[in-house]
Amino acid sequence: MDFLEGLNPQQREAAAHVEGPLLILAGAGSGKTRVITHRIAHLIHQHGVPGLAILAVTFTNKAAEEMRNRIISLLAKAGESSTPLVSTFHSFCVRLLRRDGAGLAAIRPGFTKTFNIYDDDDQISIIKSIYRGLGLDETFMKYRAALSAISHGKNQQETPQDFYKRATDPKLSRLAVIYEKYEEKLRQSNALDFDDLLLESVRLLRHDAVVREAWNRRIQFLMIDEYQDTNRTQYELMRLLTGAKHNVAVVGDEDQSIYGWRGADIRNILDFERDFPNAKVIRLEQNYRSTKNILEAASAVVANNKNRKGKWLWTDSGQGTKIGLYEALDAENEALFIADTIEKFLAQDPTERVAVLYRTNFQSRQIEEALRRYGRKYIVVGGFSFYQRAEVKDVLSYLKAVASPQDSISLLRIINVPARGIGKTTVEQIEQYALENGLSVWSAVGRMLDEHMFPGRAEASLNVFRRTMEELGDATKTHNVAEVLRLILDRTGYLQMLEAEATPESETRRENLNELVNAALEAAERGESVNEFLDHAALVSDADQVDTQAQVSLLTMHNAKGLEFPIVFIAGLEEGLFPHSRSVVGTPDAMEEERRLCYVGMTRAEKRLFLTWARSRRKWGGGPSEPSIPSRFLNEVPKDLLDRLRAAAGISQMDLLAERAYVRETARKNVYTGKTYNSVENISQFFNERGVQPAAAKPAVAQVPAAKPALGARPPVKKKPFGAGSTVQHPSYGRGTVLRKEGEGDDTKLTVSFPGYGLKKIIAKYAGIKIDE
DNA sequence: CGGTTTTTCGTTTTT
DNA sequence: CGAAAAACCG
């Protein structure tokens, strides 16, 4: 078995490379994933490198999973079963810290391996509470802006004191204080934010020679994908992990660097040759994805950037169709044009896959409405995800607080949910006391209760709360994740609260929680601890939820990174929207990043590319319609590659009002509407895909990406009670057909199709359904 | 204290 | 237009 076969000369050279640093400059669609997977397979098979000695880092969990599967199936052909470690930086760091992090306590007092991970929302809560303490509000600075400044500081290894020292205005010195308090709160809660996961891993490796050397021995080969979007900390991590060997291969494309705003440092890739003077550099410039027209157009746009290494992609494929340019009257018309055109393509070939890309998430709504007008199914990537839903966050916060009471943010989130008489003033008192005495909220509550510092009513409520939490805490010692979750739902009165509400919304929330219990059940079966379960929930990203099989996908260009679609629309090419207004007034670098984003968007297309803009657009619903100027990027596409399109007749008379109401309504009720976005189906899929280490569980055989049956398609019918094909009666959805049954007894899970409500995943015991003979 | 209503305010991109 | 904060009321 020769894994170098079938590669072009440059790919082959890259895949055959063994020792020493390697920089692969891989243009869009040049087969870089192929190179990475084949190189790893080659190392294992030809050079006898054990899988465990190879670490490959990707940008998303999804990409990691796909890469792992591809390597496994490649190796299976050669009869090998060794699997490399494939992971994101963040997941890798969590593992590292949970396994080997004990030594960190020496330099981060209070740290234990059962640390918590604080996500975006948690971070915002911290900032809010600090603002409150300082008597500030968002007029001082946006919560997010403060967070982002702190994050940048952290990644530049700047301390609050450094902030203070370089402060030239009162704003920055205030920010220094906020930064300091922010760090304090994290430590107090034994929590790490996303930056810390990387930063503390770096500190651990620096500080703990035993751990560092163990990893240096273990990792013989390191590969990093999407290297252009790594930040300085990730760079440090790379250097620490490779040790003296320098067997590091990075793959990237400076023209696709689109995360500068998040701290990605384009110098990492631009300076690689300086950092590793003996590095071999290989350019992959043959594009296998797009037609000539698309490639030329995209290249012409990005050629306007100064900050690049410079390369020119070429392709063997045909000229293809010209790029469609559509000038819409307004945003609604733009959306209708897109939906109408999609419809025409899909009528011709129902197996086609289409993506609609945009700069900002809010643009999706109008396009959704238009697609609904045509009754076309679609998925939206990003926006509101499962684990961000209030009820899911609530219950996960309970789980966190129960598992580690020092986690103040989680505790504060749920201290009065459901309402149990611990009101605003009481909570403020507690926070104040905690602050003054350097205690966590939990400790503060304990101390204050012991000293009878509360008025009678609050004291009673808090006593009950304390006892409940303690009981639940004990339960974690003897019960698995799923059981603890159920206890939480039951003992805290959360489920009761939802039952009492008895609205369609509360019903949906209960179902989401059922789904969470399902996920926990599966985690428990895999033997995952509470912490592992929570880690997965914290590290899932929007991009992990992309369903590559979906017919029509709506997503931001950022989320489209690494994906490809036969047909691509890029909507909203207007000055101020794309390029975004903030980049227009910003530095030239910011504009170059916007242009790279445009390049990324355009190069997602295989066969057809459409660029659209609206002559006027209203900012918010009822506001005035404002005239727009076509995006400068449109002018950068050579005219002879463009085909100016006119709207199909009929579009202009279409009314989206009904659809608007419908999209809103269904989004609110979270009911299946044809989009799997937020649907129960999608949620379970997302949990199923998470964090399963397939090495042992799955046979090492070529795996076609789990072909989900087309929605509405029926699996083979088996007639058994609750079995596939039987009908059931549900209290609120009425009668439905069982599509799938998993598990037995109390834990039986059913996937049921209810007319008018779509697919629902249900736990038979909880949903109170009856077999309908 | 807790739930409801009114007002304000504002939209990048996210591991 | 919609989310989140603020004001208001029982």
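Residue numbers start from 1 in every chain, and the chains themselves are labelled A, B, ... in the order their sequence lines are given, proteins ahead of strands.
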Ring centres under 6.0 angstrom apart (A:Tyr182, A:Tyr118): no
Main-chain N/O of A:Ser189 paired to A:Asn116 side chain as donor or acceptor, under 3.5 Å: yes
A:Ser461 side chain vs A:Arg457 backbone, donor-acceptor pair below 3.5 Å: yes
Nearest-nucleotide comparison on DNA chain B, the residue closer to the 5′ end among A:Gly423 and A:Trp261: A:Gly423
Nearest-nucleotide 5' precedence on DNA chain B, A:His580 against A:Leu198: A:His580
Closest to the [X] side chain: [options]?
{"X": "A:Lys128", "options": "B:dT13, B:dT11, C:dA5", "result": "C:dA5"}
{"X": "A:Arg365", "options": "B:dT13, B:dG2, C:dG2", "result": "C:dG2"}
{"X": "A:Arg582", "options": "B:dT15, B:dT11, B:dT14", "result": "B:dT11"}
{"X": "A:Ala419", "options": "B:dG3, B:dT11, B:dT14", "result": "B:dG3"}

Look at all strands and tell whether [X] reaches a base, only sugar-phosphate, or nothing, counting heavy atoms closer than 4.0 Å.
{"X": "A:Ile422", "value": "sugar-phosphate"}
{"X": "A:Phe59", "value": "sugar-phosphate"}
{"X": "A:Thr426", "value": "sugar-phosphate"}
{"X": "A:Asn416", "value": "sugar-phosphate"}

Partner nucleotide, any strand, of B:dT14 [Watson-Crick/G-U, under 3.5 Å]: none
Base partner of C:dA5, which must satisfy Watson-Crick or wobble distances under 3.5 Å: B:dT6
Stacked cation flag A:Arg262 on A:Phe194, 6.0 angstrom / 45 deg: no
What's the [atom1]-[atom2] distance between [X] and [N], to the nearest Å?
{"X": "A:Glu332", "N": "C:dC1", "atom1": "CD", "atom2": "C1'", "result": "14 Å"}
{"X": "A:Asp120", "N": "B:dT13", "atom1": "CG", "atom2": "P", "result": "11 Å"}
{"X": "A:Gln366", "N": "C:dG2", "atom1": "CD", "atom2": "C1'", "result": "14 Å"}
{"X": "A:Gln363", "N": "C:dC1", "atom1": "CD", "atom2": "C1'", "result": "16 Å"}
{"X": "A:Glu368", "N": "C:dG2", "atom1": "CD", "atom2": "P", "result": "12 Å"}
{"X": "A:Leu192", "N": "B:dT15", "atom1": "CG", "atom2": "P", "result": "18 Å"}
{"X": "A:Glu593", "N": "B:dT14", "atom1": "CD", "atom2": "P", "result": "13 Å"}
{"X": "A:Arg144", "N": "B:dT14", "atom1": "CZ", "atom2": "C1'", "result": "9 Å"}

Any [X] side-chain N or O less than 4.0 Å from OP1/OP2 of [N]:
{"X": "A:Lys142", "N": "B:dT11", "value": "yes"}
{"X": "A:Asn361", "N": "B:dT14", "value": "yes"}
{"X": "A:Lys561", "N": "B:dT15", "value": "no"}
{"X": "A:Asn61", "N": "B:dT15", "value": "no"}

Contact nearer the 5' end of DNA chain C, comparing A:Trp620 with A:Asp137: A:Trp620
Short side-chain donor-acceptor distance under 3.5 Å, A:Asp195 and A:Ser151: yes
Residues A:Asp330 and A:Arg617 bridged, charged N to O under 4.0 Å: no
